[in-house]
Every structure is written in C-alpha cells, then in structure tokens.
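Right, one structure below, let's go through it.
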Amino acid sequence: GMLGTIPITEGSGKVYFEVEVMAVSTDSYIRVGVGSEDSDLDSDCGNDEESWGMYESIGNMYSHHNNSATSQFTYQTAVGKVYRVALDTATWQMWIGGGATWDGNPAAGTGATFILDRDPVFPFLTIRGTGNTIKLNATADSFVETPPSGFSALVSSSLPTPAILDPKDYFDPVIYTGNATASRVISTQNKVDHLAIKNRDQADEWKIIDSVRGATKELNWDSNVIESTDANGVTALGSTSGFTLGTGANGYNDNNEDFVAYSFTESATAGMDIVTYTGNSTAGRTVSHSLGVAPELMMVKRTTNAGRSWQVYHEELGNTKQLFMDTSSPAATNSNRWNNTSPTSTVFTLGTHDSVNLSSNDYIAYLFASVEGFSKVFNYEGNGSTDGPFVYCGFKPAAVLLKNGDATNSWRMYDIARNPKNPVTFVSFPDLPDVEGTGGSADFLSNGFKIRSSAANENTSAITYVGIAFAEYPFALLNNSES
C-alpha cells in the first residue's frame with residue numbers, strides 16, 4: 001500500500017480527494033481510503049484498525065475497515081471512473097463514493113460510512129494485478145467529479161497554521177569549534193533554558209545544563225552521577241539568546257575540538273517544562289508541571305547524595321515501564337517509578353524508587369509534549385529493511401532522538417547542524433561518551449523522517465522504537481503542496 005504525504009488532521013476542515021482509474025484489467029484490484037501513520041503498508045487499505053477504505057467486487061462497492069467489508073452500492077470499475085473520499089475533520093465523519101454515487105450525503109453531513117478515531121490520517125491506496133493504473137487527484141484542477149458542497153482539495157494550505165512559525169525560536173541545534181577562551185558566546189536564535197553539549201572529537205561526557213539549577217551545574221546523559229559544578233563550563237544561559245562558555249576543558253570549549261549543542265526554550269507553547277522537586281518516599285506522590293497538557297516524554301534525574309540512573313517515561317511504553325538515559329538497556333517494567341499512573345495536564349505521579357522519589361533528595365525532570373509543527377513524541381515498528389519505516393512528524397526535522405525500546409541498543413541522536421543534507425549519517429550516542437559515528441542512515445523529509453538502515457539500533461523487524469523529534473520547518477507552511 002501507499003500513504004499520501006499530506007495529513008488530514010483536526011483543523012483541516014472538509015477535505016475531498018479522488019482516485020481516477022487510468023487502466024484496468026480483468027484481475028483489477030484497487031482499494032482506496034485513508035489510514036493513520038501506523039497503517040500496515042504491507043497489507044491493503046481497510047485490512048486493519050488503522051485504515052478505512054473501499055473496493056469494488058462483482059459490480060458492488062464495499063466499505064472496508066478492520067478486515068470487515070459491507071456492500072454499500074452498485075459500482076463497476078472502468079477506465080475514467082473515480083473512487084471518491086470526503087472527510088469532515090470537525091466530526092471525523094467519512095463518506096465513500098464511486099462515480100456520481102455516494103454512500104450517504106456528505107454535503108448534508110448525513111449517512112457517513114465511517115467515523116474515524118485517528119488523527120492524523122492520510123490518503124491510502126492499494127493496487128494489485130497486471131495492467132492496473134490509478135491516479136490520485138487531490139487538487140481542484142485535477143478533479144474529474146465535483147466535490148460535495150463545502151468540501152475542498154487536499155493541499156498543505158488546508159492544514160492549520162502552526163502556533164510556532166519559526167522553530168528556531170524554541171529549539172536551535174548548533175555546531176562550534178572550541179577555542180579555550182573565557183566569556184566565549186555561542187549564538188542561538190532561542191533563549192536557552194536547557195542545553196545538551198557533546199564533544200564530537202573526544203570521548204567526553206555529555207554536558208546537561210539548565211537555567212533552573214544554574215549555568216555551572218552539570219549533569220551527564222551518559223552517567224548516573226549526581227550534579228557537579230564546573231565554573232569553566234557554561235557560565236551563562238537563560239536570560240537572552242545564546243549561551244556563554246568558560247575556558248571549558250574536558251567537553252565544553254577545548255581548543256580546536258568540534259562540538260554540537262542542542263538548545264531548548266522552556267515554554268508551554270513549545271511543549272517543554274523543567275521541574276525540580278524534593279522526594280518524600282511516598283507512593284502516588286504528584287508533582288505539578290506547567291505544560292497545560294499531559295507530557296508524553298519525561299527525563300527524571302536524582303541530583304543529590306548518590307548517583308542513580310536517569311529514568312525516562314515514554315507514552316508508547318506506558319506508565320509501567322521506564323528507559324534509562326545513561327544505559328543501552330531496553331525498557332524495564334516497574335510500578336515504583338510512575339506508580340502505574342499516566343501523567344495529566346497538571347501533574348505527573350511517582351512511585352517510591354530512590355531514582356525518582358527518595359525522601360529529602362533533590363530531583364530534576366525535563367518534560368516534553370508534542371506540538372503541531374514543532375515537536376513530535378513518536379514511535380515506530382521496525383521492518384528490518386534499508387527501505388525502512390517513515391515517521392510522520394508534520395515538519396522537516398532539525399533533530400531526532402531515538403531508542404530501541406525492546407532490546408539493548410544505544411540511544412541515537414541525529415541533527416541538521418552536522419547533517420545539512422540527506423542522507424543523515426553523523427550520529428551521537430547519548431548513553432555513551434564516545435565520539436560521534438557515521439553508522440546511521442536516515443532521510444529528513446518535509447513532513448517527517450525515513451529510516452534507511454536495517455541496523456538493530458534503528459530498524460530491527462517487529463521491534464518498537466521510541467523517541468522525540470524537533471522541527472526545522474513546519475510542513476503546513478509549505479505552499480499548496482499536493483498529497
């Protein structure tokens with residue numbers, strides 16, 4: 001099967017597209033509809049719970065979802081005829097049509113074939129058999145049939161305008177070469193509240209800094225050690241754009257060594273919050289946050305008294321599991337991290353484990369939620385092929401952090417600062433101090449990224465991968481693109 005590239009999402013309005021039959025044989029096999037990004041593209045549209053579609057058989061048009069089909073109206077596939085889809089994203093009602101016939105009345109908003117429960121969805125086409133050719137018509141000048149009243153073409157200009165027009169105002173990956181000079185300013189477009197720095201040339205630890213604890217206070221993604229102070233590392237951040245370095249030996253500003261830095265702005269608009277708290281060893285303890293929506297990714301670290309591993313919550317893995325930022329281990333199952341309770345729009349919940357909630361110990365939590373056109377907390381299932389999964393993000397990525405959730409493999413970090421062109425091959429390993437490698441392969445596309453490797457770190461068949469991506473440019477701001 002094939003998915004279109006333009007999403008149909010909440011705020012897209014009333015969307016119409018059609019598929020024109022250009023050539024047909026006696027063994028015609030055409031299926032048309034929509035599917036989510038999790039649709040099984042090795043199967044047919046309508047065969048799983050992630051897709052909704054139609055097909056013609058022996059003169060009848062059938063609706064098809066979750067491998068269940070129902071005959072809806074008389075229709076015979078022929079050259080020049082069209083399969084039609086109308087979708088109202090205000091109600092998520094979807095109508096199927098063939099030629100001049102509709103199942104129900106999309107113009108009146110009655111008799112919908114399906115009511116969808118996924119957002120976003122994409123045009124989903126399946127074609128088999130020798131001599132069959134179809135064409136997706138998704139722009140007004142390509143339509144064979146007239147769209148129902150109130151419905152319009154599927155183009156990127158129909159997507160909602162994102163709240164963040166320039167992602168660099170909130171996330172800006174940069175590279176620089178050290179000069180061992182104090183008061184050295186590294187320019188970014190955003191106000192830097194959270195910062196991750198890695199020496200690309202030497203096996204120095206990752207430097208994790210934030211404006212809440214203070215510029216000189218260091219944690220390390222690749223280590224379970226408590227907070228330390230380096231007066232010559234980052235000396236200022238959080239008040240203006242950019243950040244200031246000291247002489248910074250051993251991983252900040254070493255002379256003639258190359259670095260990559262990821263700068264984040266703490267903002268509910270950008271789906272990022274920094275929270276500090278003191279543990280109380282009480283199961284079910286809640287901690288307030290300011291995102292206004294439930295965080296989908298949380299990184300929690302004990303900062304005082306004794307070293308404990310970073311604890312990572314990801315919504316796909318759920319509230320009974322955690323990853324570890326400083327190790328390559330797969331997700332572990334425990335009730336004493338998140339107390340088997342998912343975070344809400346106001347709080348996250350803790351168990352009693354000393355890595356998240358030991359009495360009188362201090363902790364920091366970095367919280368993230370997806371923001372349309374800016375960030376995406378994602379998951380995908382590997383297929384074991386160099387023609388790997390495509391992950392829809394709604395933007396061209398500026399950086400991608402990912403982890404094999406089911407097996408022992410290192411975290412991976414990709415970005416456009418080191419990889420301005422495809423393929424994206426330079427990769428760092430957040431759980432390791434190692435120098436960067438070139439063993440990865442992905443393409444950063446206008447609306448997401450595609451894995452181009454079959455390596456276990458990125459794409460073992462039937463394995464779940466999780467992570468977060470940040471935008472270079474929102475897809476919705478591209479002008480009038482066809483699906």
In the structure I gave you, are the side-chain heavy atoms of [X] and [Y] within less than 4.5 Å of one another anywhere?
X: Val121; Y: Ile8; answer: yes
X: Asp119; Y: Thr9; answer: yes
X: His194; Y: Tyr366; answer: yes
X: Phe259; Y: Tyr176; answer: yes
X: Leu297; Y: Leu367; answer: no
X: Ile186; Y: Val174; answer: yes
X: Pro430; Y: Leu401; answer: yes
X: Asn404; Y: Trp411; answer: no

Take Phe449 and Cys393 through the side chain to side chain contact (heavy atoms under 4.5 Å, CB included) test and state the conclusion after the steps. CA-CA 8 Å; Phe449 64 95; Cys393 296; 3.9 Å; yes
Can you confirm if the NZ or CZ of Arg418 lies within 45° of the ring axis of Phe426 and under 6.0 Å from the centre of its six-membered ring? no
Derivation and outcome, side chain to side chain donor-acceptor pair (under 3.5 Å), residues Asp166 and Gln189: CA-CA 10 Å; Asp166 189 345; Gln189 187 167 306; 2.8 Å; yes
Got a second to check how far [X]'s [atom1] is from [Y]'s [atom2], nearest 0.5 Å?
X: Arg31; Y: Phe124; atom1: CZ; atom2: CZ; result: 10.0 Å
X: Asp38; Y: Leu3; atom1: CG; atom2: CG; result: 10.0 Å
X: Leu195; Y: Phe243; atom1: CG; atom2: CZ; result: 5.0 Å
X: Ile30; Y: Met54; atom1: CD1; atom2: CE; result: 11.0 Å
X: Asn47; Y: Thr126; atom1: CG; atom2: OG1; result: 8.0 Å
X: Ser342; Y: Glu315; atom1: OG; atom2: CD; result: 9.0 Å

Under 3.5 Å: donor-acceptor pair, side chain of [X], backbone of [Y]:
X: Asp222; Y: Trp206; answer: yes
X: Lys301; Y: Met325; answer: no
X: Asp201; Y: Val435; answer: no
X: Asp406; Y: Thr464; answer: yes

Residues Asn459, Ser454; criterion side chain to side chain donor-acceptor pair (under 3.5 Å); working and verdict: CA-CA 5 Å; Asn459 192 21; Ser454 59; over 6 Å; no
Which residues satisfy the salt bridge (charged side-chain N to carboxylate O under 4.0 Å, His left out) test with [X], sequence neighbours excluded?
X: Glu472; answer: Lys396
X: Lys168; answer: none
X: Asp443; answer: Arg452

With [X] via side chain to side chain contact (heavy atoms under 4.5 Å, CB included) - residues at least two apart:
X: Thr333; result: Thr320, Lys321
X: Ser370; result: Glu296, Lys376, Val377
X: Leu165; result: Thr161, Pro162, Leu477
X: Thr344; result: Thr346, Val347

By the salt bridge (Lys or Arg N to Asp or Glu O under 4.0 Å) test, which pairs, at least two apart or in different chains, include something from residues 77-95?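 Qualifying pairs: none.
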Enumerate the salt bridge (Lys or Arg N to Asp or Glu O under 4.0 Å) contacts for residues 11-23, please, sequence neighbours excluded, ordered by first and then second residue. Glu20-Lys135
Centre-to-centre under 6.0 Å for [X] and [Y], is that the case here?
X: Phe444; Y: Tyr473; answer: no
X: Tyr83; Y: Tyr75; answer: yes
X: Phe470; Y: Phe264; answer: yes
X: Phe143; Y: Tyr16; answer: yes

Kindly determine whether Phe429 and Met413 satisfy side chain to side chain contact (heavy atoms under 4.5 Å, CB included), including the steps that lead there. CA-CA 6 Å; Phe429 315 98; Met413 188 73 165; over 6 Å; no
Can you list every pair that meets ring pair (Phe, Tyr, Trp, His ring centres under 6.0 Å) and has a residue in residues 381-403, with sequence neighbours left out?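 Those involving residues 381-403 are Phe122-Tyr392.
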For Asp172 and Ser263, run side chain to side chain donor-acceptor pair (under 3.5 Å): C-alpha distance rounded to whole Å, both residues' side-chain angles, the deciding distance at 0.1 Å, then the answer. CA-CA 5 Å; Asp172 195 2; Ser263 61; 5.2 Å; no
Only pairs under 3.5 Å count here: list side-chain donor-acceptor contacts from residues 99-112, not counting sequence neighbours, and write none if there are none.
residue, atom, partner, partner atom, Å
Asp103, OD2, Thr113, OG1, 2.6
Asn105, OD1, Ala107, N, 3.2
Asn105, OD1, Ala108, N, 3.1

SB check Arg128 Asp44 (cutoff 4.0 Å): yes
Electrostatic pair Lys191-Asp169, nearest N-O below 4.0 angstrom: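 Salt bridge flag = no for Asp169 with Lys191.
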Could you walk me through whether Phe374 and Phe171 pass side chain to side chain contact (heavy atoms under 4.5 Å, CB included), step by step? CA-CA 9 Å; Phe374 172 75; Phe171 173 76; 3.8 Å; yes
Side chain to side chain contact (heavy atoms under 4.5 Å, CB included), that's the test. Do Thr327 and Asp431 meet it? Break it down for me. CA-CA 5 Å; Thr327 80; Asp431 58 296; 5.6 Å; no
In chain order, what residues pass the side-chain hydrogen bond (donor to acceptor under 3.5 Å, both in side chains) check against Asp258, with sequence neighbours excluded?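 Once residues adjacent in sequence are excluded, the partners of Asp258 under the side-chain hydrogen bond (donor to acceptor under 3.5 Å, both in side chains) criterion are Thr177.
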Under 30°, 30 to 60°, or over 60°: which ring-plane class applies to Trp52 and His65, parallel, tilted or perpendicular?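 Parallel: the ring planes of Trp52 and His65 meet at under 30°.
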Parallel, tilted or perpendicular: which describes the rings of Tyr55 and His64, with under 30° parallel and over 60° perpendicular? perpendicular
Check the pair Glu50, Ser36 against side chain to side chain donor-acceptor pair (under 3.5 Å), reporting the backbone distance first and the verdict last. CA-CA 6 Å; Glu50 301 292 334; Ser36 78; 2.5 Å; yes
More than 12 heavy atoms of other residues, nucleotides or ligands under 6.0 Å from CD of Gln76: yes or no? yes
